Each structure stands twice: as C-alpha cells, then as structure tokens.
Amino acid sequence: MTCWPEPMTDPTPQAPHLVLVDGSGFIFRAFHALPPMTNPDGVPVNAVYGFATMLARLLREHAGTHLAVLFDASRLTFRSELYPQYKAHRPEPPEDLRPQFSLIREATQAFGVPGIELPGWEADDLIASYATAIRAAGGTCTIVSSDKDLMQLVGPGVCMLDPIRQTPIGPAEVEVKFGVPPEKVVDVQALMGDPTDNVPGVPGIGPKTASALVNEFGTLEAVLDAAPDMKKSKRRDMLVEHAQAARLSLQLVTLARDVPLPVPLEELVTRDPDLTILAEWLSRMGFRSLLSRMGMTPQPASVHAHRSARATAHASANGLPTPTAQDTATSAPAQAISSAPYDKYETVRTAHDLQKWITAAQEAGLCAVDTETDGLDPLNARLVGFSIATAPGQACYVPLRHAGTLEAHTGEQLEPDTALNLLRPLLEDDTTLKVFHNAKFDLLVLDHAGLAMDHTRAVDDTMLISYSQSAGLHGQGMDELSALHLGHDPISYDSVTGTGRARIPFAQVPVEKATTYAAEDADVTLRLWHVLHPTLRTNQALALYEQIERPLVAVLADMEKAGIAVDRAELARLSADFEARMKDMEAGIFSAAGREFNIASPKQLGEILFDEMALKGGKRGKAGAWSTDSAVLQELADQGHDLPARVLEWRQLSKLKSTYTDALSRQASSAGRVHTSFQMAITTTGRLSSTDPNLQNIPVRTEEGTRIRQAFIAPEGRRLISADYSQIELRLLADVANIPTLREAFHMGQDIHARTASEVFGIPIEDMDPLTRRRAKAINFGIIYGISAFGLGRQLGIPAGEARSYIDTYFARYPGIRDYMERKKEEAQTYGYVLTPFGRRCYVPGIAEKSAARRQYAERQAINAPLQGGAADIIKQAMVRLPRALHEAGLHSARLLLQVHDELLLEADAHEAEAVARTAKNVMEAAATLSIPLVVETGIGQNWAQAH
DNA sequence: GTTTTCACG
DNA sequence: GACGTACGTGAAAACC
C-alpha cells in the first residue's frame, strides 16, 4: 500500500504525483504530540519544529512531482451558513499555539513550498478539490494527514500518509477505522455525528451501529428509507425522528471537490528549496539539529549519515551480495496486485497439470508457495497439500492427503511422492524465487516430507520482509498484512476447519474448500511480496533483511531440527523431589494460615494475608485484588511473618515443577531431545523468542534452577559449549553514546560496574566495597532500561528520592548518556521509531500518548530498543556466519542448538569442543566492529550448568 | 479469554 | 493530585 511512485531513479516519464499536506490538521496534532520548546526569542515553536521536520522528510524521501500545503483560511465557511452551530463551540487555540500559525506559514515559504488557503473553505475542501483535479489530469495523489474527515477521499490513485507515524493510510486502514470502505465513510459519519465539530448525527448511534447499518443498507438514504419498517426499537424511533439531522450531517461531512483552485496545478511542481533562505530561517528558529540533519552545516555526521554509513559497511563486510532471483524476477503490473480477483483458483490433480504450474513459475522467475499440514509442529506435521501462485490472482492447490468423508468426495489426488518429485527442481532452481510467508515453517515441513532444506535455493519470506521494516508497528501475520497492504481479508483458517470441539483436521476439509483457502494464501503471499519488497530499499532495510534475517532462517531451522538432549530420568527425579517437598510444606502453610486453601491461588492467599490475618503492606492491583507477588511476600517475610516466607518457597518449587521438570519430560522426543521453535517476527526490538517449549527461560539463578540446567546434557562422547557476550548492551551504550571513560574501561578489561562506582561515588577502584559496586551495577542496568527514580529505588530497596540523587550524580559524571537518551526520545517523537546502530527500525507507538505514564513508558522503550535490538543484530550476524566458519575450520561435528539473547549453546564431539569454543568466540567477537571490543566468554561441559 | 505470577536475558 | 513505573519475552494456573 505504498503511496509513492516507484523508484525516483526510474528514467521513464512519470504520471504526476501530487502530495497534499493538511497544514491545519498537522499544526494541532504536532502541538499536542511534541514537548514544549521555544526559539531563541522565547516564542513557543514545538508545532513549527514538527512541521519543519515533516516537510524536510517529505522532500527527502517522498517528494512527488507536485507539492502543496493547505490551510484553513477562516472559521466561516459554507458549512456555518448551512448550520450555524458547526464548529461553533471549538475553544480558542491554546496560547502557546497561537503565535505558531504564522510561523508555520513562514516555514512553507522557507522550504519553497506553496501554502494555499481560500476564504470560505476549509483546508479539507481544498485538498478534496486538488485531489480530484490531479486525478482528472491522469495523476495520483498522497494526502499527508491522519484526519478522519479526509478518509472519504481514499480510493484508486489517492491515499493518505500519517505525517507523524509515517504510515500509509489506504482503504484497509480506513475500513478498520470506520468499518466501511472509503466511499461510504460519509454515510457512517453522518449517522454517528461528531460532537467535537457539532455535527448532529442521530442520537444513540455510535460508530459500531452506524457502520453496521451502512453495511446492511448501502447508503445513509437507504438506511433512512428502511427505518420506518425496522422492528420496533429505540433505534428505529431515533432514525425516523432525526432523519433530517442525518441528511444535514451528510452535507456537513461531505467535502467539496469542486472548489476553484487558487493556485493552478502546474504551479505546484516540486522545487528544491533555496538553501540560503532555508538555512537562515532554520537558524532563526533555533532548529540546529534539523539544520545539521539536512547537511547544511559542517557539523559531525548527522543521525542519518551515520546510519547509512553503518548499514553499508555492514553489508559489504559480509562480502556476499549473492545475486538472487529477485533481480531477474519480473514485477507484476501494479494494477493486478490490487485488482485481480481472489477466488478463481485451480485444484491440481494430475502430474501434467502440476508440471504446467511449475513451468509457469519458472518462466516468471517468481512464485509463492504455501504448505498445508495436519499440525502446527513442523518437525512432526504431515504434508496434506501445497499451493503455488505464479501471478496475482493465479494460484493453484495441490491436495495430497485429503481423506474422503461422507459429505465430501475428495476426487483424484496426486501421489505425494510424485508431486514432491515434480516440486523438487523448482525448490532447487536458483533462478526462480520462491516466496513464503514464514519460510522456516514451510521449509521444515517440506524437509520432513522429503525435500531436503539444504538443497533449497532462492527463498524470500514476506513475514521477515515486513518485520525488517515494521517491528513493533503491527503484527506480521499474513491475515493482518493482507488487510493492511492489500485491503483484502483472506479466508480464515478457523472458518475452513471450524473451531473448538468441532474443529476438523485440514486433511478432512473438502478439497474444493481447501483450494479456496490454500491457493489464496499463496496468492496473498505473492501479492504481499510485490508490495513489500520494493519498500525494503526505501526504508533502508534491504541489508538487514538480506544479510541477517533471511540467511538466519536456515540456521534456526537446523537448530530446531537438532534439538537438545535432556536427561529424562533426572527430570523425573527432580519432579518427584519437588513434589515431596511441596507436600511436606503444605501442613505448615495451612497451620500458619489457620485453615486449608489453594496455595496456588493468589486470590485466596491475598484474602488470608490481608483480610483474615490483617497484615500491613498490602497493595491492590487495578482490578482491586490483593497483590501477592514475590516482592510483596518477601517484604512480609522480612518483617518476620512465617506464612509468606513458606509460600515463597512453595511457589518456587511449584513453578519449577509445572513449568520445567514436568513440561520438559512431556516435550522430549523419543530420542530424548526437546525441539523449541524460534519466533523471528514477534519482538519489538529484533530479538528472537522461543516457544513450545520456551528454552530461553530455563532457570539458572537459584540452586534448584541449576539442577534443572544440569538435566540439559550432551550425549555420550559429546560436549555442550556455551559462548556468551559479556556486557554487550553496556558496551553498545558506551559506543553509541561515546563515553570516553567507559570506553577506556572496556578497552582495559576493567570491572565495568566497579569502574562506574568509582567514578560516580568518587572511590578509588581498588578500594571498592561490594555494596557500592552493587549500586553502580543497578544504575548501569537501569540506564539500559530507561532509568526512573522509582524503578531504581525499588531495585535497590531505597527511597525514590535517594535513587534520584544517584541518578543525578551519574548523569553529572556521564552527560553523554543523558544526551543519548534525549536523542533517542526525539528520534522516536519525530519519526515514530528508533534505529539500532545497524539500521533496524523499532517502532514505538505510544510516543505521542497524552497520558504521561504511557508516554514515559514509550520513552523508556525508545531508549532501550536500540541497545537490546543492537545486541540482537550482533548475535544474529554471528549466527549467520558461524556455520560456515565451523565448516571451514573442519569442525564437522559441531551443531548450534540454542540462542538465549546473548548466549549461543553448541554441541560437538568431545575432541572438537575446545576448537569449537575458540571458533565461536572469534566469530562472535568479530560480528560487529565498534569503538569498543566485544568480549565472549566460553565454557565446556557435559551439561548446560557446567558449560555456562 | 484475561489476569497474575514468575522463569530468563 | 493521581497515575503507574525500569526493557524484552512465554507458560502455567486461577478465575471470569
């Protein structure tokens, strides 16, 4: 759903593309979204700054052939004649905003962009009229605004762009917002009214009812016509009674598309700004960061120059720009991507027909493939069928193992082996790009079915293409992306198989129904590729995707296949031990409580502690229930109370037993190994996550926890090798914030927390006492999390005021870290996302929240994400390089097994273990070049606890 | 299905 | 003056 015409380097003449900025709408939004700031004259300029930043960005990244900014001219418009109350009770703009209106008009002049207004008309009407005019002239249009009143204009050739979040608003987004397509938005608005503008609407009808009615009857007029015949209800009476108000509302919300254009289209041609004028104005406003970001002073490299230099160095350092099939793949006509139907699919039942599809794919050089299985675990699932799409709207489904039922005759099906043998050359063909959505799953399924993964070539993954540029902005599921980018809701899996008890295995879904679902998934995947792959370049995410995310798929697939061995007998012994100890503790807990209860129930425990025993120090959660988490219980235990201390101990055992010892035994394969699944597109920072089971949260911090780690073992004659980065996030911080003394400490291999303690508290490092070091360590961790006095105080068990003074001292000593934090907050506010040092975008959606608590939460995310995400980028790079390095070192017995954020766990024959540890250390330490060395510590053992 | 708790980095 | 607080995850159990 990108709004922008394809690459600007394209030499072919383009149809005109008009960018219309809703200046008036932007002013208010920016004013409320941005923190207060003033220019050197003391005039408030936060909205002006936001506006200038947005214009600069627009000119740099999204310039159409034509550009204009539209403003409201006055309060009185044709609407106030129609209905005097329209917008009559709008409060005066805030005092800090008033002086900014004229400055924003100045900004348009400084940037050399036409600013247009016309008395009697709102900016929205001008936008509607210009959009109509450019369409009539054969061009397209992007409206830079997030105003819902403009959404009625979205349609072919017209889309919107949220100026703050930088996200496109197309038909899909409009439909999410209003529940109807753009052309019916006015009908919905007329029914629901708008209290802020005094649009009356029909009382009692809100967004849900309005869209339901319009969807049912088609238009407002049809709804009003049908109203008298509806079944008797309050709603019917309201509709009948307020029909005239609704018709008036429709006139008020409908934008005029035929306003005379004050400036003709041809005068809106985009021009480069006069840099002298612009620089002068920016300096006068005090926008120094913007000035340097636009490269207009000889200041050190700007944020963006820095970023792209890194990304480029990064890509070339890897050295493998392997030509892939997509360079040769032909692009589908843009029109077909959105307009081809989603319901004309073929069921393939013969070898001849399948070969026809495979040949078509190879001729196109591009196809999408999707597998259907009888389960979600790709290591055990059986292949039930697969689908192939060769062009938008052209897709087939190949059923292999559908079972006939009384209701559904399956018809002829290809023999699975026959079909797979026909498919094999396509997968192994490195000149035909195969697009999957979540390729790791399908590749593992096909591998399990007999098409070995390591022979598969030229694969793209739309889930990762999207994640590489929109982590944190939205989910990466196919259905969600389809709605978002294609404006199409695919058939849901649930509607095909049913849900709950009625759910049937996919193999029992009738073949015709399976075809509509499965072929559509391949079709959607291919269309998503057409829409999303080009945006990798414009979003500067191509290197990240090609060098890191895509090659990681095969590495993780191998790790999942390998699994890790567990000692089931030991797990069983631990379960029995934990159970016995819990049983022993129960009598004591009940006697301390005065009665029997369910110890695992926080509700019952809270009532006993705080109602029945009336202990002090209880806190209620937001639902009003007593909190009984370990911090609360520990506090009570420290006061000498017996029951909370006993419950704490019981809880630890219960957790370990249910979540680990029992569960892991169940999850182990017959070969005694457990196979996790790594999720590549879940986290907002770029980290992996692990599920079914989660092997990234195996206990380690307590003695009982260590016993569980001991149950993860190397088989006879083999060893586990652990390699973990030391202080990687702090090193990244010292690097990006450029803190000379911290960099020196890392270069010297000093104890970083002791060094911090020494500098902050002024104690010689050799005299460091453990308590002071502990405080410095807590501050260092706090910094990475976006420190708050409350959080640090709680962590250290000291009052927030005291924590505040530690933080102040810390910042006084390391002002560069405060600067880093401010930069990241500003980056998030300006763009809606922050970048890791390697160019990964992490979206921070709450950054413009009105609620201070939620906004501050987003600010802490903005501070943390580049560090956590930067560390994730580094270890991923190491994982991509490690298999080849091990191979080249002749260490053929080594296998990567697990990644735990800053640790890699490998398994190898005992005699190769030392060499594997050295290779892992070398590759991991060389995965990124910072101003600070990366240090990796390794260990070797028969079990994970020993190796760690 | 949501909430609470707690395991990890 | 109250809010709701350190960042990122996933699983189990209780509870609705």
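Remember, predicted model here, so these are calculated numbers, not experimental data. Letters A, B, ... mirror the listed sequences (proteins, then strands); counts begin at 1.
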Residue set satisfying side chain to side chain contact (heavy atoms under 4.5 Å, CB included) with A:Leu730, at least two apart, ordered chain then number -> A:Gln727, A:Leu733, A:Phe746, A:Ile752, A:His753, A:Asn780, A:Ile784
Tell me which residues in residues 933-948 of chain A lie within less than 4.0 Å of DNA chain C, going by non-hydrogen atoms.
none
When you check every protein heavy atom under 4.0 Å of nucleotides 8-13 of chain C, what one-letter string (B, S, -) results, 5' to 3'?
BSBBSS
When you measure from the side chain of A:Asp629, which nucleotide among C:dC15, B:dC8, B:dC6 comes out closest?
B:dC6
Could you give the CD1-to-C1' distance, from A:Ile728 to C:dC7, as a whole number of Å?
16 Å
Mind running side chain to side chain donor-acceptor pair (under 3.5 Å) on A:Thr702 and A:Gln652 for me, showing each step along the way?
CA-CA 10 Å; A:Thr702 62; A:Gln652 194 208 351; 2.9 Å; yes
Mind checking if A:Ala778 touches a base, just sugar-phosphate, or nothing, with heavy atoms under 4.0 Å?
base
Which residue pairs pass the salt bridge (charged side-chain N to carboxylate O under 4.0 Å, His left out) test with at least one member in residues 681-702 of chain A, sequence neighbours excluded?
A:Arg687-A:Glu729
On a whole-Å scale, what distance lies between the P atoms belonging to C:dG4 and B:dT3?
14 Å
Which part of the nucleic acid does A:Ile698 contact within heavy-atom distance under 4.0 Å: base, sugar-phosphate only, or nothing?
sugar-phosphate
Quick one, A:Glu570 with A:Arg707, criterion salt bridge (charged side-chain N to carboxylate O under 4.0 Å, His left out). Give me CA distance, side-chain angles, the key distance, then yes/no.
CA-CA 9 Å; A:Glu570 176 63 11; A:Arg707 292 176 65 189; 5.0 Å; no
Is there a donor-acceptor pair under 3.5 Å between the side chain of A:Tyr814 and the backbone N or O of A:Ala734?
no
Mind checking A:Ser627 for me? I need base, sugar-phosphate or nothing, with any heavy atom below 4.0 Å counting as a touch.
sugar-phosphate
Round to the nearest Å and state the distance from A:Lys825 atom NZ to C:dC7 atom P.
13 Å
With A:Glu827 as reference, evaluate A:Arg823, A:Lys824, A:Lys825 under the side chain to side chain donor-acceptor pair (under 3.5 Å) test and give the passing residue.
A:Lys824
Per A:Tyr785 side chain, nearest of listed nucleotides C:dC7, B:dC8, C:dT5:
C:dC7
My understanding is that only residues two or more places apart in sequence, or in another chain, count here; which of them pass side chain to side chain contact (heavy atoms under 4.5 Å, CB included) with A:Glu826?
A:Tyr49, A:Ser289, A:Arg293, A:Thr830
Assign A:Glu903 to base, sugar-phosphate, or nothing according to its heavy-atom contacts below 4.0 angstrom with the strands shown.
nothing
Just checking A:Gly782: base, sugar-phosphate only, or nothing, at a heavy-atom cut-off of under 4.0 Å?
base
Expected list for residues 804-822 of chain A near DNA chain C, using heavy atoms below 4.0 Å, is none
Nearest-angstrom distance from the residue atom CG of A:Leu732 to P of B:dG9
18 Å
Rounded to the nearest 0.5 Å, what separates atom CG in A:Leu609 from atom CG in A:Leu633?
6.5 Å
Of all pairs that satisfy salt bridge (charged side-chain N to carboxylate O under 4.0 Å, His left out), the ones with a partner from residues 647-659 of chain A, not counting sequence neighbours
A:Lys657-A:Asp662
From CA spacing to verdict: side chain to side chain donor-acceptor pair (under 3.5 Å), A:Tyr857, A:Ser788:
CA-CA 10 Å; A:Tyr857 173 54; A:Ser788 73; over 6 Å; no
Would you say A:Arg701 reaches B:dA7's phosphate, i.e. side-chain N/O to OP1/OP2 under 4.0 Å?
no
For the P atoms, the ones on C:dT9 and on C:dT5, what distance do you get once it is rounded to whole angstrom?
16 Å
Taking atom P of C:dC3 as reference, at what distance in whole Å does atom CZ of A:Arg620 sit?
14 Å
Run the side chain to side chain donor-acceptor pair (under 3.5 Å) check on A:Gln877 and A:Asp873 step by step: do they pass?
CA-CA 6 Å; A:Gln877 177 67 268; A:Asp873 295 336; over 6 Å; no
Please state how far atom CD in A:Gln899 lies from atom P in B:dC8, giving the value in whole angstrom units.
17 Å
Taking both distances under 3.5 Å as the test for a Watson-Crick or G-U pair, what stems of at least three pairs does DNA chain C have?
B:1-9 with C:7-15
Quick test of your reading: applying ring-ring contact (aromatic ring centres under 6.0 Å, His included), list the pairs with at least one residue in residues 772-793 of chain A, sequence neighbours left out, ordered by first then second residue.
none
Could you give the CD-to-P distance, from A:Gln604 to C:dA14, as a whole number of Å?
9 Å
Would you mind reading off the distance between A:Asp902 atom CG and C:dC7 atom C1', rounded to a whole angstrom?
14 Å
With A:Thr938, which residues qualify under side-chain hydrogen bond (donor to acceptor under 3.5 Å, both in side chains), at least two apart?
none
Nearest-Å distance, CG (A:Leu653) to P (B:dA7)?
10 Å
Tabulate below the donor-acceptor pairs under 3.5 Å that side-chain atoms of residues 578-590 of chain A make, not counting sequence neighbours, or state none.
residue	atom	partner	partner atom	Å
A:Arg581	NH2	A:Glu704	OE2	2.9

A:Arg646 meets the side-chain hydrogen bond (donor to acceptor under 3.5 Å, both in side chains) criterion, sequence neighbours left out, with A:Asp642
Return no unless some side-chain N or O of A:Arg854 is found under 4.0 Å from OP1 or OP2 of C:dG4.
no
